Amino acid sequence: MEKKRIWLSLAEMGGEEQRFIQEAFDTNWVVPLGPNVNGFEADLESYLQIEGKRVVALSAGTAALHLGLVMLGVGRGDEVICQSFTFSASANPIVYQGASPIFVDSEPDTWNMDPKALEAAIKDRIAKTGRKPKAIIPVHLYGMPAKMDEIMAIAQKYDIPVLEDAAEAIGSTYKGRRCGSFGAYGALSFNGNKMITTSGGGALVCPDGVAAKWVMFYATQARDEAPHYQHSHIGYNYRMSNICAGIGRGQMLVLEHHIAKRKQNHRRYMELLADVKGISVLDNPSSDFDSNFWLTCIVVDPDEAGFSREEVRLALEAENIESRPLWKPMHLQPVFSQCPFYGDGTSEALFNDGLCLPSGSLLEEEDLERVCRVIKGLPH
Ligand SMILES: *Cc1c(COP(=O)(O)O)cnc(C)c1O
């Protein structure tokens, strides 16, 4: 008999989602906007502990990043600095705005934007173009907070706003502060495989109520106030629906449970793989960092381990276990091959040797042990 499939990361419903959706049906709010959208935004605002900041629920994390760039005035001819080691959705919205991505490498502690490479990039772009980059997009990859003190200090020194990609990092904290709350704007994702899901959705953390009103305006086709349809700006259809927000409200009730479960997965992998030569598990570099451990990631040193990352992946797949190489850096993607890159090869090495292990909140102890047995059984 085929062994049970172990997935990389599956959505898990808490049970209350249907109640919020039913309420929407019962009150005939099966349209964009409505009480669940307001409720979900209020839930996120209190969860993120963002005094004065506001959250706008949107149709996707990608939409949140796009509207963040719109709000920062990014347009044709501008340059935007983006972490290279990420999912393409961090960078694509730069191109939607007619601007050019400038990619910056990662540092080895968090695998996120290297502050030194960031500053080198800013200086070089100013020298080459005579203009400052218009925005900086750091990412908290796999839930691990980026070195935000260093990044924000450089951003402030050059007076460049930060758009934080916290799509994978809801619930992660850096020096006690929740990811998504550091930048001028912060993007969250509630796609199917993220920490919590609305089936598809995202949110933009905005600096204040005025900015949030503008984001809502752009997200609902930019209709001017008039009895007829009147437009003075280009709009988007990016608002979250009241049905999706109902799922989100239910998911907020189990968010802490999901985080605890994924942190526990990470702790167990650390324990079970501790004595495997040539394998290291990404961990919080110090007590300043508290990752939600959305995905547990390993790096395989083939010389020390006696096997490669790809051999681990194939051995797991042969046992019906899903795993996935780490994100392929954007500066190595064919579509971005013309974009400038500043770095020393850290993210490329991570891509070559890194692997995401099954990390969902539904993962059971016996699943986890099965994964580690396969890895430990590889010939050295
Ligand atoms: C998932 C993800 C996004 C995009 O979010 P969607 O809701 O899927 O549009 C952006 N950035 C990162 C790092 C992501 O993982």
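Counting convention: from 1, in listed order, for ligands and their atoms alike. From a predicted model like this one, the values you see are computed outputs, not experimental measurements. Position 1 is the first residue of the sequence; numbering continues from there.
- At a 4.0 Å heavy-atom cut-off, the residues surrounding ligand 1 are Ala60, Gly61, Thr62, Leu65, Thr86, Phe87, Ala89, Ser90, Val139, Asp165, Ala167, Glu168, Ser189, Asn191, Lys194, Gly201, listed by chain and number.
- Between Phe87 and Trp327, the ring center distance clears the sub-6.0 Å criterion.
- Using a 3.5 Å distance cut-off with no hydrogens or angles, the side chains of Ser100 and Glu79 do not pair a donor with an acceptor.
- In this structure, Asp288 has no side chain to side chain donor-acceptor pair (under 3.5 Å) partners at least two apart in sequence or on a different chain.
- Looking at residues two or more places apart in sequence or on another chain, you find a side chain to side chain donor-acceptor pair (under 3.5 Å) between Arg54 and Glu45.
- Partners of Thr296 under the side chain to side chain donor-acceptor pair (under 3.5 Å) rule, at least two apart in sequence or in another chain, do not exist in this structure.
- A side-chain N or O of Gln83 and one of Asn112 form a donor-acceptor pair less than 3.5 Å apart.
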